[in-house]
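The figures that follow rest on heavy atoms only: side chains count, while hydrogens, waters and symmetry mates do not.
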Amino acid sequence: MEYLSKNLKTLKHEKAFHYHFMCSRLDLTHLSFADDLLLFTRGDATSLALLHDIFNLFSAASSLKANLAKSSIYYGGVSLEVKHDIQQTLGYGQGTLTFKYLGIALDTKKLFIL
């Protein structure tokens, strides 16, 4: 995972790569916990291809691969045409927000403690 993290950090030097708008100030491209990995990018084909290329490099080096049956892509503000192109290129299913991760509902809205 250190190898993957190091390679993902190089994306900030790629002029064609664009962060997800909520992640740019933090240079955040990913979060990992145990055997789970969340990857973040703006919803354009170029940024996603750069991110995916680094993941594929990691997969080739480590022999670890994404389980397509358990992996999903989540979109916000992306046109149907771009979604279709991304789905065809990568092969991951489309997930829907809100979903729970480690017991916490993940959504596009702020989380509040009640």
Side-chain angles (χ1 to χ4, degrees):
M1 292 310 290
E2 287 293 322
Y3 177 71
L4 177 62
S5 292
K6 182 179 137 190
N7 286 335
L8 287 169
K9 288 178 183 176
T10 66
L11 286 173
K12 70 179 170 183
H13 303 296
E14 291 283 342
K15 291 186 189 270
F17 179 78
H18 298 99
Y19 288 94
H20 181 277
F21 78 97
M22 296 295 286
C23 301
S24 60
R25 287 192 332 216
L26 300 171
D27 291 336
L28 180 67
T29 55
H30 66 289
L31 295 172
S32 60
F33 181 77
D35 61 351
D36 292 331
L37 178 64
L38 301 171
L39 297 170
F40 306 100
T41 187
R42 189 171 79 180
D44 64 80
T46 303
S47 296
L48 196 59
L50 289 167
L51 188 77
H52 197 249
D53 287 346
I54 288 178
F55 182 76
N56 285 337
L57 183 66
F58 165 74
S59 291
S62 66
S63 297
L64 297 173
K65 303 207 181 308
N67 182 336
L68 292 179
K70 293 182 177 181
S71 300
S72 299
I73 298 178
Y74 299 87
Y75 299 96
V78 177
S79 72
L80 289 175
E81 182 180 325
V82 172
K83 285 181 190 180
H84 182 266
D85 291 345
I86 290 170
Q87 300 291 134
Q88 293 299 312
T89 302
L90 300 182
Y92 297 103
Q94 180 176 344
T96 57
L97 293 174
T98 303
F99 70 94
K100 283 194 174 189
Y101 179 72
L102 299 176
I104 298 172
L106 297 182
D107 200 347
T108 56
K109 301 176 185 87
K110 286 186 176 183
L111 298 176
F112 294 97
I113 297 174
L114 300 176

Atom pairs and distances, donor-acceptor, side-chain atoms in residues 80-97, under 3.5 Å, two or more places apart:
{"residue": "Q87", "atom": "OE1", "partner": "Y75", "partner atom": "OH", "Å": "2.5"}
{"residue": "Q87", "atom": "NE2", "partner": "Y92", "partner atom": "O", "Å": "2.5"}
{"residue": "T89", "atom": "OG1", "partner": "D85", "partner atom": "O", "Å": "2.8"}

Atom pairs and distances, side-chain donor-acceptor, residues 36-44, under 3.5 Å, sequence neighbours left out:
{"residue": "D36", "atom": "OD2", "partner": "Y101", "partner atom": "OH", "Å": "3.1"}
{"residue": "T41", "atom": "OG1", "partner": "H18", "partner atom": "O", "Å": "3.2"}
{"residue": "R42", "atom": "NE", "partner": "D44", "partner atom": "OD2", "Å": "3.0"}
{"residue": "R42", "atom": "NH2", "partner": "H18", "partner atom": "ND1", "Å": "3.1"}
{"residue": "R42", "atom": "NH2", "partner": "D44", "partner atom": "OD2", "Å": "3.4"}
{"residue": "D44", "atom": "OD1", "partner": "T46", "partner atom": "N", "Å": "3.3"}
{"residue": "D44", "atom": "OD1", "partner": "S47", "partner atom": "N", "Å": "2.7"}
{"residue": "D44", "atom": "OD1", "partner": "S47", "partner atom": "OG", "Å": "3.0"}
{"residue": "D44", "atom": "OD2", "partner": "S47", "partner atom": "OG", "Å": "3.0"}

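The aromatic rings of F17 and Y19 sit perpendicular to each other, their planes meeting at more than 60°, with 30° as the lower class boundary.
Between L11 atom CG and H30 atom NE2 the span is 10.0 Å, to the nearest 0.5 Å. Taking CG of L8 as the start and OG1 of T29 as the end, the distance is 4.5 Å to the nearest 0.5 Å. Distance CD/E2 to CG/N7: 11.5 Å, rounded to 0.5 Å. One distance of note links CD1 of I54 with CG of L50; it measures 7.0 Å at 0.5 Å rounding. The CE atom of M1 lies 8.5 Å from the CG atom of L64; values are rounded to the nearest 0.5 Å. With rounding to the nearest 0.5 angstrom, the CG atom of L4 is 7.5 Å from the OG atom of S32.
In this structure, the ring pair (Phe, Tyr, Trp, His ring centres under 6.0 Å) partners of Y74, at least two apart in sequence or on a different chain, are F99.
Under the 4.5 Å side-chain heavy-atom criterion for Ile, Leu, Val, Met, Phe, Trp and Tyr, L51 and L68 are members of the same hydrophobic cluster.
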